[in-house]
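Scroll down for the structure; my scribbles are underneath it.
Order of the sequence lines fixes the chain letters, A, B, ..., with proteins taken first and strands second; residue numbering starts at 1 for each chain.
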Amino acid sequence: MLDFAALWFKDAFQHQGCPICYLRARDDARYIFTILYEYVTDGGVRATFVNSLGYCSEHAWAQQRTEVERWGDGLGTATMYESVLAQNLDGLDEFIRATRRAMARERSPIWRGIARVVRRLGRATPALPFGVVPRAPCRVCELGAQGERALLETFAQKIGWDEFRAWYRASDGLCLPHLNATLERIADADARRFVIEVTLEKLEANAVALREYWRKHDYRFQDEPITDAERQAWRRAVEQFVGNRRWTQ
Amino acid sequence: MNASLRVATLLTESDPNAAQMAQALRADACPICALTAASTQRFIDGFLYESVNDATLREELARAQGFCYRHAWQVLDADRYGGVGVTILYLDFTTRAIEALRAHLRYAPIVQRLSWWRRALGFLRRRAAPHARITALEPRALCLVCRVEREAEAGYLADLARLLARADFRARYTESRGMCLPHLRQMFASVDAETRLFLAETTRTKIATLLHHIQEYNRKHIWDFRAEPKLPEEQDAWIRAIAFQVGEKK
């Protein structure tokens, strides 16, 4: 049945690389953009951001790139990180106090006596407080994983539909990590076979291009022209194994 | 750092690791991030230059299904020989994946017929049993570059932990940009209480300064103060704040 989800996939199938990777990257980018565009001063969003001490490495740098590309400066990110740094300071203050207390305790002869008996106490390091460690995972990762599960379920449902199959066959196919994640959700033997066969076709076609690209680097065949598919084959191979490149690295 | 300063550092340090760390502390980045990134890049360059056809490494890579996401793209970027190294590697991995998929298609009908026990197990667990993944396509080992990266990172953290016992290194560390938060957390777990206190206090001072710069950057965006010039350290404070939370850009 044709619905919005099917149309998203139809669009994704026309882009280079794995359609699930494409849709997830698009959603992640939209989330980051929306936050910067209108939620920088939102209390709830800020609390979530501080809880995870910003985003993970990939999404934190993606946020920086997005802001520079769209607005040419860093005001939104700077405003959000002001709260995170304040939390870092609170966390470090608490950690410094705890470390000083532990050091003072270790200097007392009674404590040293106890620590000699219970050896674990002597080496105890204060727990790292919130501000030094995050309290929650990266919000973009969390929402992205949730969205990806929904995309995989949708793909698994729609692949039984003939028109969807035709669109899929014309695409670059799924990357291997998403192939496995999809197969986990497809019960129908015929649909499973179809998805695997399409992936096999794509891998075989790229293997031919890779072999040709390699062969044409041999001085004996260096005059033979290299086709676009062959020139793209090594990049395509990496895409097939690990998924599309997210963000411009 | 200029060449004469680099030579001076190397001449005064008999320990090469200390000289390397002293140089890294002068850079405008987390020293552990910078040294680890350089070490990983050296490994990738060396690998592409002379180990693409090494059978042992190839087997190891095949077990890990090539490289992880981040390092696969890093290897692709590092291939300065027209992509021939990556082509050779991925032709091998692709051939193996094709064989695995063909085998799966060949044996899938048989496995399907025997799959009643999976359904029974799912019924007993009161949830639908997941359908079969192709295990031959899953990594059975850690990415080779990840392993090299972790080993390098652990080595540099140990070096810095050892060197922080020296007063001159403490002074260098205080003047440097300091470690990022992820590396600081690792370091806290491996040093004595006194070094931990030194690191926490130094970091606190650096963060307070960074926060002040960010506040100034934000304030100078307000209409009333727009004429006040933004200092260079204020203009990149937000980027340094990101680098402190998650480490340098990879």
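- For chain A, the nearby part of B/E248 is the backbone; its heavy atoms alone come within less than 4.5 Å.
- In this structure, chain B has heavy atoms under 4.5 Å from both the backbone and the side chain of A/R235.
- Using a 4.5 Å cut-off between heavy atoms, B/E201 contacts chain A through both its backbone and its side chain.
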Report task. Please step through salt bridge (Lys or Arg N to Asp or Glu O under 4.0 Å) for the pair A/R169 and A/E201, ending with a clear verdict. Result -> CA-CA 9 Å; A/R169 195 181 277 278; A/E201 277 169 28; 2.6 Å; yes

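- Both the backbone and the side chain of A/A207 come within contact range of chain B, judged by heavy atoms closer than 4.5 Å.
- Residue A/E239 touches chain B through both its backbone and its side chain, counting heavy-atom pairs closer than 4.5 Å.
- Residue A/M80 holds its CE atom at 10.5 Å from CD1 of B/I242, rounded to the nearest 0.5 Å.
- Counting heavy-atom pairs closer than 4.5 Å to chain B, the top-ranked of the candidates A/T99, A/L53, A/I196, A/L75 is A/L75.
- When only modelled atom types and interatomic distance are considered, A/Q232 and A/Q16 share no side-chain donor-acceptor pair under 3.5 Å.
- Contact of B/L181 with chain A is made through the side chain alone, with heavy-atom distances under 4.5 Å.
- Taking A/T182, A/D93, A/L176, A/L179 one by one and counting their heavy-atom pairs under 4.5 Å with chain B, the maximum is reached by A/D93.
- With A/F221 as the aromatic partner, A/R215 meets the cation-pi criteria of under 6.0 angstrom to the ring centre and within 45 degrees of the ring axis.
- Put simply, of A/L200, A/N206, A/N180, A/L210, the one with the most heavy-atom pairs under 4.5 Å next to chain B is A/N180.
- Listed for the B/E228 side chain is no donor-acceptor partner under 3.5 Å among the backbone atoms of B/F225.
- For B/Y217 and B/H221, the distance between ring centers is under 6.0 angstrom.
- A donor-acceptor pair under 3.5 Å links the side-chain atoms of B/T36 to the main chain of B/I32, judged by distance alone.
- Heavy-atom pairs under 4.5 Å with chain A were tallied for B/I98, B/D236, B/I207, B/V86; the largest tally goes to B/I98.
- If you measure heavy-atom distances from B/F93 to chain A, the contacts under 4.5 Å come from both the backbone and the side chain.
- A donor-acceptor pair under 3.5 Å is absent between the side-chain atoms of B/K249 and the main chain of A/W61, judged by distance alone.
- Classification of the A/F49-A/Y55 ring pair by plane angle, with boundaries at 30° and 60°, yields perpendicular.
- Chain A forms more heavy-atom pairs under 4.5 Å with one residue of B/G82, B/G66, B/A237 than with any other, namely B/G82.
- Taking B/Q235, B/E138, B/Q65, B/R204 one by one and counting their heavy-atom pairs under 4.5 Å with chain A, the maximum is reached by B/R204.
- The candidate from B/T95, B/V246, B/L89 with the greatest count of non-hydrogen atom pairs under 4.5 Å with chain A is B/V246.
- Within the 4.5 angstrom heavy-atom criterion, atoms from both the backbone and the side chain of B/T203 approach chain A.
- Residue with the most contacts toward chain B among A/V84, A/T77, A/V68, A/N88: A/N88 (heavy-atom pairs, distance under 4.5 Å).
- In this structure, chain B has a heavy atom under 4.5 Å from the backbone of A/N244, while its side chain stays farther away.
- The aromatic rings of B/Y90 and B/F67 sit tilted, their planes meeting at an angle between 30° and 60°.
- A/T227 places a side-chain N or O within donor-acceptor distance of the main-chain N or O of A/E230, the cut-off being under 3.5 Å.
- Within the 4.5 angstrom heavy-atom criterion, atoms from both the backbone and the side chain of B/A243 approach chain A.
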